[in-house]
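Quick caveat: nothing in here was measured; it's all calculated off a predicted structure. Numbering starts at 1 and runs along the sequence shown.
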Amino acid sequence: MSSKLLFASCAIAAVATARAEFVEPVVTGDVAFLETFSGGLGSWSGSKDAKYNGIPSVVTAKHTEDLGLFVDTEARHYGVSSVLAAPFDPADGLVVQYEATTQDGLECGGAYLKFLNTEEKEFSVDTLDGDSPYALMFGPDRCGGTDKVHVIFRHASPAGVFTEKHLASPPRMPNDKLPHLYHLAITAKGDVTVKIDGEAVFEGSLHDEHVFEPPFSPPAEIDDAADTKPGDWIDDPQMDDQDSVKPTDWDEDAPSSIPDDDAEKPEGWLDDEPLQLEDPSAAQPTDWDQDEDGTWEAPIVSNPKCDAAPGCGEWPRPTKYNPDYKGKWYAPRVDNPLYKGEWSPRKIANPEHYVDATPLASIGKIGAVALEVWTMSSGLVIDNVLVAQNDVAAKEMEQVWRPKFDAIKAIVEAEEMAKSAEEAKPEEPGFAARVKDSVAGGLFAIANVMPGAVRDKATAFVTTLSESAVSLFAFVALVLLVALLSLSSLFGGKDDATPATETKKAVGKKKKTDEPTPDDKETELEEEEETDEEPLKSPSTRKRAARKA
């Protein structure tokens, strides 16, 4: 056993029962909501809406003793939520954080949470649906071309109109099966930080017009939709030089390559020898019938003389680059004196413009947290959901998450190493493969005892056959069938002659001891008739005889 395989076996044994030790979180920072699922579903309850056919549960996550909210079935809608003890106002700062593990991977589905605005519309866990208004939607989502960590706010304008504000350049979600920590923090000043596993993957500001799409404060000016580019507007900075003409010696038809007149035909080139010819060693089979089989033609093989020579047939003169080649002529480009620059529509005052100095005050109060997703992947585990005004408790929860992540990562890496070592083991050939190799070996042995060119052709034929077990077995079956038919045609008639001979001997003995009887005379006549019949013929002889008849 190789050292790598031995290590893999030890790794398999080591991870078979390995689990990350569970540590009950203890936080000192103020929190508006913290759910560890250590006591089961607790205040979390599923929606009564018939759309949500997925039944969430709380289970021990893989490779750990930690409990989490579990999505166990693919191709289902899940809707489960929990109400905060009191609505939380994010105006002075907002921190949300939770763990998400995609134990079976995530091909198509959401793993995000919605932080619901329960003041905009009356809410209960029983009535949760896709239209339940949220203040924030945060977390990973993957399906088709979508692979991102959403940060979406529902923001109210001064007129009370809600608009979704999407992070313009969201980070990608990790692509593995480990428990990842998703963290979003917004300060009262509007500074935004997104972290994954404690590392910042995005930093920006709610007040930057390029960070969210559309921006929290609409621009003061917008393009005039009624403005159009004038027909005489020149937006090409260069133009063809109208004064330039094609040089008289410019030949656009000159080829890019020409025959190399300095090249010489290699010594020994066989001009009169074809590259291929009829196999001189082949002969028409003795049983070939031109009427039935057509005109026999010898197989075509490579000319052996060409193999030893530089080449055969007409010598192709090589080509070289044509120094006179210039290609198609184009007028040179010069600055366009009529160029006015790139056109853009004129700006007009934006009737929807306003400045929101405190965007978080306009997203509403958070009164509930919900997992409202559709997924084509099972195995999602949500844990340690946190809502707070600052990051004190979030940092404490990160200290709980880190050792769990490291332990599970080590277990998963050991499993993957063991799996790779197992897959690297050479596969034992199956029964059919062993039979195929034995048959091919026998055919190669037969081919090797054949003379010269026949041996080479036979070896090449067997090599081609051995590439496919079906072809090899079919060929062997065909050879056996032909052999059996040949034996049957050559010896099949002797079974009928044998009784006659034995009868004749018996009659002879009888003549020595007994007097002839009428039955004896009849038997002798039958024997004489059998002697006068035609001898047995081979299949080919019978075939020709039938044709002549």
Side-chain angles (χ1 to χ4, degrees), residues 255 257-320 432-433 435-492 535-549:
S257 60
I258 57 176
D260 185 359
D261 295 330
D262 297 329
E264 296 183 358
K265 182 167 59 177
E267 185 178 353
W269 189 280
L270 305 178
D271 298 85
D272 299 328
E273 288 290 340
L275 290 172
Q276 293 180 319
L277 45 70
E278 293 184 353
D279 187 354
S281 63
Q284 178 175 314
T286 56
D287 60 347
W288 187 277
D289 189 299
Q290 187 166 337
D291 294 333
E292 285 191 0
D293 304 325
T295 302
W296 180 83
E297 296 179 355
I300 303 299
V301 296
S302 298
N303 189 341
K305 295 182 180 179
C306 297
D307 296 338
C312 290
E314 183 180 357
W315 175 66
R317 181 175 294 278
T319 60
K320 65 179 182 179
V435 173
K436 170 180 165 291
D437 292 341
S438 298
V439 172
L443 292 177
F444 276 119
I446 295 173
N448 286 333
V449 300
M450 295 181 177
V454 177
R455 179 181 63 247
D456 295 339
K457 292 181 179 179
T459 300
F461 178 67
V462 175
T463 300
T464 302
L465 274 182
S466 61
E467 292 176 355
S468 168
V470 175
S471 300
L472 183 65
F473 293 153
F475 172 74
V476 172
L478 179 62
V479 171
L480 291 175
L481 179 61
V482 172
L484 289 173
L485 290 175
S486 300
L487 291 173
S488 176
S489 64
L490 291 173
F491 304 108
L536 291 173
K537 300 178 180 180
S538 67
S540 57
T541 306
R542 291 198 298 270
K543 186 176 179 182
R544 295 190 184 93
R547 196 181 297 118
K548 290 179 180 180

Answer whether the closest heavy-atom distance between the side chains of Lys320 and Ile258 falls below 4.5 Å.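 Contact flag for Lys320/Ile258 side chains = yes.
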Heavy-atom distance under 4.5 Å between the side chains of Ile300 and Leu277, does that happen here?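 Ile300 vs Leu277: side chains apart.
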Do you know the tightest heavy-atom contact between Pro299 and Ala282?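 Minimum heavy-atom contact is CD-CB, 3.7 Å.
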I'd like to know whether CG of Asp272 has more than 12 heavy-atom contacts from other residues, nucleotides or ligands below 6.0 angstrom.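 Result for CG/Asp272: open.
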Sequence-distant partners of Glu273, side chain to side chain donor-acceptor pair (under 3.5 Å), two or more places apart: Asn303, Lys305
Quick one: side chains of residues 262-269, donor-acceptor pairs under 3.5 Å with protein atoms, not counting sequence neighbours, listed by atom name and distance.
from: Lys265; atom 1: NZ; to: Asp271; atom 2: OD1; distance (Å): 2.9
from: Lys265; atom 1: NZ; to: Asp271; atom 2: OD2; distance (Å): 2.9
from: Trp269; atom 1: NE1; to: Gly313; atom 2: O; distance (Å): 2.7

Between atom CG of Asp307 and atom CG of Leu275, what is the distance when rounded to the nearest 0.5 Å?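 The CG atom of Asp307 sits 10.0 Å away from the CG atom of Leu275.
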